Each structure stands twice: as structure tokens, then as C-alpha cells.
Amino acid sequence: MPTFQAPRGMRDLLPAEAAGFDRLNAVVAARGERYGYPRLVTPVVEDRNVFLKSAGATSDAAGQEMYDVTLHGQGGLALRPEGTAAVTRAYLEHGLHRAPQPQRFFYWEPMFRGQRPQLMRWRQFWQWGLEHFGSTEPSADVEIIEFTNGLFAELGLTAFELQLNTIGDTPCRAKVKETLTAYFASHRDALSELSRERLSTNVLRVLDSKDPRDREVVAGAPRLSTLLCDADRAHFAEVTESLERLGVRFRVVETLVRGLDYYTRTVCEFVLTDPEFTKAGDIAVAAGGRYDSLVETLGGPSAPGVGIAGGVDVLYYALKQQGVTMPDAPEADVYVLSGEPNDGADRTQLATPLREAGFRVAIDHTRRSLDKQLESAVKHGARVAVIRGTEESRGGKVIVRDLIKKEQRVTRLAAVVVEVGRHVPKRVRPRLIDEPGAAGETPFLEGPTPPERH
RNA sequence: GCGGCGUUAGCCUAGUGGCAAGGCCCUGGAUUGUGGAUCCAGUUAGACGAGUUCGAUCCUCGUACGCCGCCCCA
């Protein structure tokens with residue numbers, strides 16, 4: 001039994017899973033680039049006030065759930081629980097509000113929340129996200145929603161529903177809250193304890209309570225849509241009309257409010273509808289909305305913003321649940337092995353030109369029998385074995401054996417790269433500097449590997 | 001963070017207050033140095049700690065981790 005375990009709510013991504021995550025990352029990031037959202041990286045640790053101020057002190061996400069960090073006895077830091085506030089902090093810190101607007105960012109980072117873990121809900125989890133600063137237009141809201149909808153279509157995720165609502169802008173919401181508070185206060189006795197508390201802290205949250213007693217009271221509450229200002233209604237109408245025109249399916253859920261206080265107007269959630277997930281209640285695979293006062297809240301000028309974030313872990317499992325196959329982590333296409341015991345350097349010299357050429361080459365660095373080495377090559381998923389140190393492969397020759405066709409040829413060393421190339425594809429070698437005219441392609445779902453360009 | 005249930009080898013599963021069983025995987029050997037088959041052999045286990053008991057993997061308590069519900073949320 002291992003003495004150590006990963007901390008509660010944290011886990012290892014073994015190569016098969018890590019490969020799937022990498023593919024998801026590649027797809028989402030590439031889509032981000034296509035939409036003009038370059039990647040921004042922020043630290044894992046932030047001043048905890050960044051989140052306290054932005055999310056609202058009464059929000060659990062910012063309070064009890066925060067993963068505090070102490071260094072040399074000094075606190076005040078926390079592992080980031082979400083991306084938007086951190087990105088906004090960076091946006092301000094680097095004066096990007098003075099850069100040409102709008103500013104758009106993509107991120108893909110681990111997030112941390114100090115909640116008790118459950119299936120697909122870890123203390124460390126991954127999120128991709130988009131933030132779009134500097135536009136109050138409904139079409140900016142539509143863009144991030146359409147992005148996400150298109151992303152899921154691209155990935156093959158079908159079992160989800162887009163839920164939309166508007167919770168009004170800050171000045172207007174004061175009146176809304178007033179009306180709702182008055183209504184719920186008059187039904188105070190019928191409410192759950194938690195909701196009674198929220199009467200004074202965050203009335204809107206009463207609307208999405210799961211408690212059946214609350215739901216009954218909520219059913220008779222004044223509709224949010226009738227309480228909002230004309231400007232809010234107009235904004236939301238344009239969002240929904242645009243989405244309809246773009247063919248994005250959605251459902252307006254008037255009780256949808258978000259847990260974080262910084263949202264204004266549009267809020268959205270992409271909720272999984274697969275029965276495997278709905279038994280535990282709604283699980284969101286992405287969620288976001290507009291935050292027109294967040295920049296100001298964090299000490300900046302008045303600047304509007306809108307964003308969305310998605311859970312990578314949830315997305316990964318939802319895709320698997322739907323039977324979307326992501327490629328396993330192939331260890332090697334080519335296995336170099338030898339019948340001679342002490343020729344490690346020779347094996348490496350044999351592998352090097354193959355690796356330079358772009359093949360995935362693993363070397364058997366054991367001294368077991370050729371028998372076992374060959375067996376091992378198969379078990380590690382190699383298509384081709386390159387064998388040295390046998391009768392036939394002396395004098396600058398090696399055997400190139402196709403492990404599936406069970407055919408082999410004795411080849412001169414100089415011709416090994418060409419011979420191996422007859423059996424397995426080369427992988428795309430990443431380059432530090434773009435080659436002129438070369439468009440990189442990153443395959444996602446299983447399919448042929450694009451041939452290397454010349 | 002609160003409550004409930006769980007934890008037997010790398011994985012899956014059996015069983016018991018008195019030597020812990022099997023399958024898969026892994027390692028080695030053989031079929032007289034070219035592989036996935038077959039045969040043979042081998043390594044490895046009751047999460048951790050304390051208590052009750054002549055004796056605990058089994059009963060009790062605590063801790064760790066997981067799952068379910070709550071809270072919350074990706």
C-alpha cells in the first residue's frame with residue numbers, strides 16, 4: 001500500500017487522460033485563436049481580496065470555499081477559485097484598459113475550491129474561459145455563447161441545454177431586489193432557513209433554491225422579466241433574437257441567477273442533459289455572463305465585460321459518456337531493440353535519425369531476451385520494431401519489422417528512415433518559429449495524421 | 001464545511017473472530033534466441049492508528065481517502 005496519497009479532491013491525470021485533456025486544450029485554444037482571443041496566463045495564487053471583492057463577500061465561492069495559502073505565516077493569498085476576477089486584475093494591472101478596446105482573452109488553467117469532492121467536482125479542476133472587455137453590445141454576449149455552442153458541436157457534445165436569463169444592470173437591480181425582498185418577506189414563514197438568511201444577503205439566490213418549500217413561494221413571485229428596466233429587456237431581447245437567427249438553441253429560465261455577485265444582465269449556463277449526470281441535479285459544463293461593473297469593483301475605470309468559462313473535467317467525462325473516443329496516449333510507433341546486451345549507445349544512435357525525422361521512437365533499455373523485447377514492443381503499441389544485434393543485422397544493417405503485417409526487411413542503416421516511413425506515419429514536429437506559408441494542424445478525434453509538409 | 005455509506009494485491013472480485021481465495025495485469029522460464037497463443041513458476045493485499053478479545057481483515061472509536069445527499073458550483 002502506498003504511504004502517500006494525493007490530497008483530498010486532487011488527482012493525477014495518467015497519460016491516457018492527460019492526452020485527452022491535451023487534445024481538448026488544443027481544440028478550445030485553437031477556436032479561441034480563430035475568434036481573436038489570445039491566451040492569457042495568470043498566477044495560480046492571487047491576493048484573496050481579488051476574489052472576495054469581485055464575487056461579493058457573501059458569496060460562498062469567495063468565502064468558505066476559498067483555498068487559502070499561507071507562506072512563512074503570512075496569509076492573504078488564495079489559490080484562484082475562478083478565472084474572471086484574475087483576468088480582470090491582470091487587465092487592470094497591465095493597463096490593458098488603456099490598450100485598444102475591446103480586449104479579448106482566452107485562458108486554460110487549474111482552479112481550486114475547498115469543497116468536499118464528489119464525482120466530477122474536485123478541489124483542483126480545470127477551466128477554459130473567454131473574457132471580452134470593452135463592449136456593452138449584446139452581440140458580444142452572443143459571441144461568447146455562440147463560441148461555446150460551436151465548440152460543443154465541434155467536439156461532438158450533444159446532450160446539453162443552453163439556459164439563459166437576464167438579471168438586470170446594477171442600478172435597475174436595486175429596485176428588483178427591493179420588490180423581491182418585499183415579496184419574500186411577506187412569505188417568510190414558508191421559506192427555508194437558508195432562504196430566510198438570503199433575504200438580507202442576496203435575494204436573487206432565493207430564486208434558484210432547490211428546496212421544495214422555496215420553489216413553491218418562488219412560483220408565485222413576481223417575474224424577474226417584468227421587474228427589469230426597459231434597457232435591460234431590450235439588451236436581452238437582442239441577445240435572444242440574435243441567437244435565434246444564428247440557429248443557437250436555448251431556453252430562457254427566469255430563475256437562473258449565478259452564484260457570483262459581479263454578473264449583470266445576461267447570464268447563461270450550458271447544462272448537461274444526459275441522464276447519467278442529471279440524477280445529481282443540473283451539472284453545468286460551461287457558464288458565464290456579463291459583468292459591466294467588475295472592472296470598477298476591482299479599482300479600475302468603468303468598463304464593461306462579458307465572459308464564459310467551462311469545466312474541462314466535466315466536458316471530458318461528458319464526451320466519454322457520449323462515446324466520443326479520444327486518442328489514447330500512444331507511447332511509440334517504433335521500438336528499437338537489440339540482441340546484443342551492451343550496446344545502449346548503438347540503440348540510441350539507431351533511434352536518433354528516426355526521431356529527427358519525426359517518428360515516435362522508444363528504445364528497449366533492458367537486457368532481456370529478444371523474445372521478451374519483441375513482446376514488449378507489441379505491448380507498448382509499437383507498429384514497427386527496429387532490430388539490431390542479430391545474425392542478419394550485422395555490418396551496418398538492421399531489421400525493420402512490421403509488427404502487424406509480420407513482415408520484415410534487412411535494411412542498410414542509411415535507409416532505415418525511409419524503410420520505417422513505409423510502415424508508420426511521421427508526427428508533426430512542433431517548431432519554435434513558423435515556417436512561411438505553413439499552417440499547423442492539430443488533429444483531435446481519431447483520424448489520419450496529416451503528412452509532414454515540405 | 002455538515003450528514004450517510006464505503007475502503008481486501010497494480011486492477012476486478014470472493015470469503016472468514018483462529019494459515020485470506022480466484023481472475024486479469026506484471027516478472028521470469030519453456031516451446032532450444034522474432035512477438036500478442038499455450039504451459040510452468042513467481043512477486044504483491046484487508047487504507048492508517050488505537051481499543052475490545054486468548055486471538056481482529058471481520059466488532060468499536062479516531063484519522064486519511066472515495067462515493068451519495070446538503071451547501072456550493074465547472
Side-chain angles (χ1 to χ4, degrees), chain A residues 1-11 14 55 58-67 80-84 108-129 148 160 192-195 197-198 202 205 208-211 257-260 269-272 277 279-288 308-318 335 337-341 364 366-393 399-408 410:
Chain A
M1 198 61 213
T3 311
F4 294 107
Q5 320 170 248
R8 169 175 284 188
M10 308 206 175
R11 71 214 169 102
L14 298 182
T58 60
S59 154
D60 288 319
Q64 61 178 68
E65 289 182 22
M66 194 106 74
Y67 214 114
R80 92 189 128 209
E82 60 108 19
T84 302
W108 170 288
E109 305 285 347
M111 305 291 168
F112 302 83
R113 284 178 203 172
Q115 283 297 293
R116 179 161 295 206
Q118 275 172 246
L119 192 66
M120 290 194 298
R121 299 171 58 183
W122 290 282
R123 287 189 166 178
Q124 175 179 344
F125 57 99
W126 294 79
Q127 273 189 347
W128 62 267
T148 307
F160 69 87
S192 68
E193 201 176 321
L194 185 65
S195 288
E197 223 170 278
R198 284 186 170 145
N202 192 348
R205 296 298 312 283
D208 72 347
S209 169
K210 261 196 265 184
D211 193 298
V257 299
R258 307 270 305 128
L260 302 167
E269 267 184 28
F270 288 80
V271 176
L272 296 177
F277 302 117
K279 64 186 178 190
D282 285 355
I283 291 186
V285 68
I308 194 160
V312 177
D313 312 75
V314 176
L315 178 59
Y316 178 82
Y317 284 101
Y335 229 69
L337 46 102
S338 172
E340 277 175 33
D364 194 307
T366 69
R367 41 171 58 237
R368 24 183 199 191
S369 65
L370 207 58
D371 214 18
K372 291 293 173 188
Q373 291 185 52
L374 222 33
E375 186 181 335
S376 178
V378 172
K379 283 180 178 169
H380 284 89
R383 169 77 194 246
V384 165
V386 179
I387 308 163
R388 68 179 308 283
T390 65
E391 289 289 329
E392 312 92 301
S393 54
I399 301 169
V400 174
R401 179 174 178 83
D402 188 308
L403 294 167
I404 293 171
K405 290 185 189 159
K406 304 197 178 191
E407 293 167 2
Q408 66 184 45
V410 179

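These figures come from a predicted structure and were not determined experimentally. Because only heavy atoms are used, hydrogens play no part in the values below, and waters and symmetry mates are left out as well, while side chains stay in. Letters A, B, ... are given to chains in the order of the sequence lines, protein chains preceding strands, and every chain is numbered from 1.
Aromatic stacking of A:Phe125 on B:A74: satisfied, with centres closer than 5.5 Å and planes within an angle under 30 degrees.
Among the protein residues, A:Gln408 comes within range of the nucleic acid bases, having at least one heavy atom under 4.0 Å from a base atom. Here A:Ala377 lies out of heavy-atom contact (under 4.0 Å) with every strand. Residue contacts shown for A:Ile399 include a base, since a base heavy atom lies under 4.0 Å away. Here A:Asp371 lies in heavy-atom contact (under 4.0 Å) with a base. Heavy atoms of A:Gly310 sit nowhere under 4.0 angstrom from any nucleic acid atom.
For RNA chain B, runs of at least 3 consecutive pairs of the Watson-Crick or G-U wobble type, with both hydrogen-bonding distances under 3.5 angstrom, map to B:1-7 with B:64-70, B:10-13 with B:21-24, B:26-30 with B:38-42, B:47-51 with B:59-63.
Where A:Glu269 and A:Ser209 meet RNA chain B, the nucleotide closest to each residue was compared, and A:Ser209 sits on the side nearer the 5' end.
B:C26 atom P lies 11 Å from atom CZ of A:Arg368, rounded to whole Å. One interatomic measurement links the two molecules: CD1 of A:Ile404 to C1' of B:G36, which rounds to 11 Å at whole-angstrom precision.
In this structure, B:G46 is classed as syn because its glycosidic torsion stays within 90° of zero. Base orientation for B:C59: anti, the chi torsion being more than 90° from 0.
In this structure, the nucleotide among B:G33, B:C73, B:G35 sitting nearest to the side chain of A:Leu370 is B:G33. Counting only heavy atoms from C-beta on, A:Val378 has its side chain closest to B:G36 among B:A74, B:G36, B:U34.
In this structure, A:Lys210 reaches the B:C70 phosphate: one of its side-chain N or O atoms is under 4.0 Å from OP1 or OP2. Contact annotation: A:Lys379 side-chain N/O to B:C26 OP1/OP2 distance is under 4.0 Å.
In this model, no side-chain donor or acceptor of A:Gln373 finds a partner on the base of B:U34 within 3.5 Å.
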*Assign a letter to each nucleotide of nucleotides 61-67 of chain B from its 5' end: B, base within under 4.0 Å of a protein heavy atom; S, sugar-phosphate only; -, no contact.*
---SBSS

